[in-house]
Amino acid sequence: QVQLVESGGGLVQAGGSLRLSCVASRGTLSNYLITWFRQAPGKEREFVAAISWSSVTYYADSVKGRFTISRDNAKNTVYLQMNSLKFEDTAVYYCAAKASWTNIRRLDYDYWGQGTQVTVSS
């Protein structure tokens, strides 16, 4: 029902910033919880941030105060603004969507994007 496409990843120095985008290439993000996950090499996929259809936001402790999630319903897009990037933020970042607003850190989402690589160098 929904197809998600991430973009905006790249190489950045520690302390720099990137803005990731998650756009619905098919369907709409309205009434979906949209969540960013990330997966570093050799590690499990982990929760980063989430935003409800009404723009209530949630953050992992590791990114709180540095990352900001937002959505533009007119553009059918969710953004992840990443500031003060650290080497530990290096990972493939995925956006995911589900209709439920509970247990947002679990991986049982209905739709996933293909991922975008974020590499933070020292």
Side-chain angles (χ1 to χ4, degrees):
Q1 190 174 24
V2 175
Q3 292 184 356
L4 305 175
V5 179
E6 305 97 330
S7 63
L11 176 65
V12 64
Q13 290 281 344
S17 299
L18 284 174
R19 188 183 72 164
L20 306 183
S21 298
C22 174
V23 62
S25 61
R26 190 181 190 277
T28 177
L29 299 183
S30 298
N31 292 323
Y32 282 91
L33 177 77
I34 307 299
T35 299
W36 287 96
F37 292 87
R38 66 187 182 187
Q39 187 166 23
K43 297 183 179 179
E44 296 182 350
R45 193 167 298 187
E46 66 174 349
F47 167 82
V48 177
I51 186 167
S52 74
W53 69 271
S54 58
S55 295
V56 177
T57 59
Y58 313 85
Y59 296 95
D61 290 341
S62 60
V63 306
K64 198 172 300 181
R66 299 189 298 122
F67 292 9
T68 302
I69 189 170
S70 62
R71 67 191 302 163
D72 186 337
N73 290 332
K75 294 183 177 181
N76 210 20
T77 301
V78 170
Y79 303 99
L80 184 67
Q81 179 66 46
M82 306 185 296
N83 299 326
S84 301
L85 282 163
K86 306 174 181 178
F87 174 78
E88 308 90 82
D89 297 318
T90 296
V92 176
Y93 284 70
Y94 301 88
C95 66
K98 68 175 179 179
S100 175
W101 300 340
T102 61
N103 298 315
I104 61 175
R105 290 167 177 80
R106 298 198 322 208
L107 297 177
D108 56 336
Y109 279 65
D110 299 317
Y111 308 102
W112 290 86
Q114 84 290 346
T116 184
Q117 176 71 50
V118 172
T119 303
V120 183
S121 62
S122 59

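Just so you know, these numbers use all the heavy atoms, side chains as well, and skip hydrogens, waters and symmetry mates.
- With respect to Lys64 and Asp61, a salt bridge is recorded, a charged nitrogen being found less than 4.0 Å from a carboxylate O.
- Hydrophobic clustering (side-chain heavy atoms under 4.5 Å, transitive across Ile, Leu, Val, Met, Phe, Trp, Tyr) keeps Tyr111 apart from Leu107.
- Residues Val23 and Leu33 fall into different hydrophobic clusters, defined by Ile, Leu, Val, Met, Phe, Trp and Tyr side chains chained together at heavy-atom separations under 4.5 Å.
- Expressed to the nearest 0.5 Å, how far CG of Leu4 lies from CD of Gln114 amounts to 9.0 Å.
- For the residue pair Lys86 and Asp89, the shortest heavy atom distance occurs at N-OD2, 2.8 Å.
- Closest heavy-atom contact between Ser122 and Ala14: CA-CB, 4.5 Å.
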Which pairs would a plain distance check flag for residues 44-52, meaning a side-chain donor or acceptor within less than 3.5 Å of a matching protein atom at least two apart in sequence or in another chain?
from: Arg45; atom 1: NE; to: Gln39; atom 2: OE1; distance (Å): 3.3
from: Arg45; atom 1: NH2; to: Gln39; atom 2: OE1; distance (Å): 3.2
from: Glu46; atom 1: OE2; to: Arg38; atom 2: NE; distance (Å): 2.8
from: Glu46; atom 1: OE2; to: Arg38; atom 2: NH2; distance (Å): 3.3
from: Ser52; atom 1: OG; to: Ser54; atom 2: N; distance (Å): 3.3
from: Ser52; atom 1: OG; to: Ser54; atom 2: OG; distance (Å): 3.1
from: Ser52; atom 1: OG; to: Ser55; atom 2: N; distance (Å): 3.3
from: Ser52; atom 1: OG; to: Val56; atom 2: N; distance (Å): 3.0

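- Remark: side-chain polar atoms of Arg66 are paired, donor with acceptor, to backbone N or O of Ser62 under 3.5 angstrom.
- The distance from atom CG of Asp110 to atom OH of Tyr32, rounded to the nearest 0.5 Å, is 6.5 Å.
- For the residue pair Gln117 and Ala91, the shortest heavy atom distance occurs at NE2-O, 3.4 Å.
- Legend: ring-ring contact (aromatic ring centres under 6.0 Å, His included) pairs involving residues 78-102, not counting sequence neighbours, sorted by first then second residue: Trp53-Trp101.
- The closest donor-acceptor contact from the side chain of Thr90 to the backbone of Val120 lies under 3.5 Å.
- In terms of heavy atoms, Ser17 sits closest to Ser84 at OG-N, 4.3 Å.
- Here the closest heavy-atom approach between residue Val118 and residue Gly9 is recorded as CG2-CA, 4.1 Å.
- For residues 85-122, the set of pairs meeting the disulfide (SG to SG under 2.5 Å) definition, not counting sequence neighbours, comprises Cys22-Cys95.
- From Thr77, atom OG1 reaches atom CG of Leu20 across 12.5 Å, with rounding to the nearest 0.5 Å.
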For this session: Give the C-alpha distance, both sets of side-chain angles, the deciding distance and a yes or no for side-chain contact (heavy atoms from CB on, under 4.5 Å) between Phe67 and Leu85.
Result: CA-CA 9 Å; Phe67 292 9; Leu85 282 163; 3.9 Å; yes

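- Hydrophobic clustering of Ile, Leu, Val, Met, Phe, Trp and Tyr side chains at less than 4.5 Å, counting indirect connections, keeps Phe37 apart from Met82.
- In this structure, CG on Asn76 lies 12.5 Å from CZ on Arg26, to the nearest 0.5 angstrom.
- To the nearest 0.5 angstrom, Asn83 atom CG is 6.5 Å from Thr68 atom OG1.
- Taking hydrophobic clusters as Ile, Leu, Val, Met, Phe, Trp and Tyr residues chained together by side-chain heavy-atom distances below 4.5 Å, Val78 does not share a cluster with Trp112.
- In the hydrophobic cluster analysis, where Ile, Leu, Val, Met, Phe, Trp and Tyr join through side-chain heavy atoms closer than 4.5 angstrom, Ile34 is grouped apart from Ile104.
- Taken from CG in Asn103 to OH in Tyr109, the straight-line distance is 9.0 Å, to the nearest 0.5 Å.
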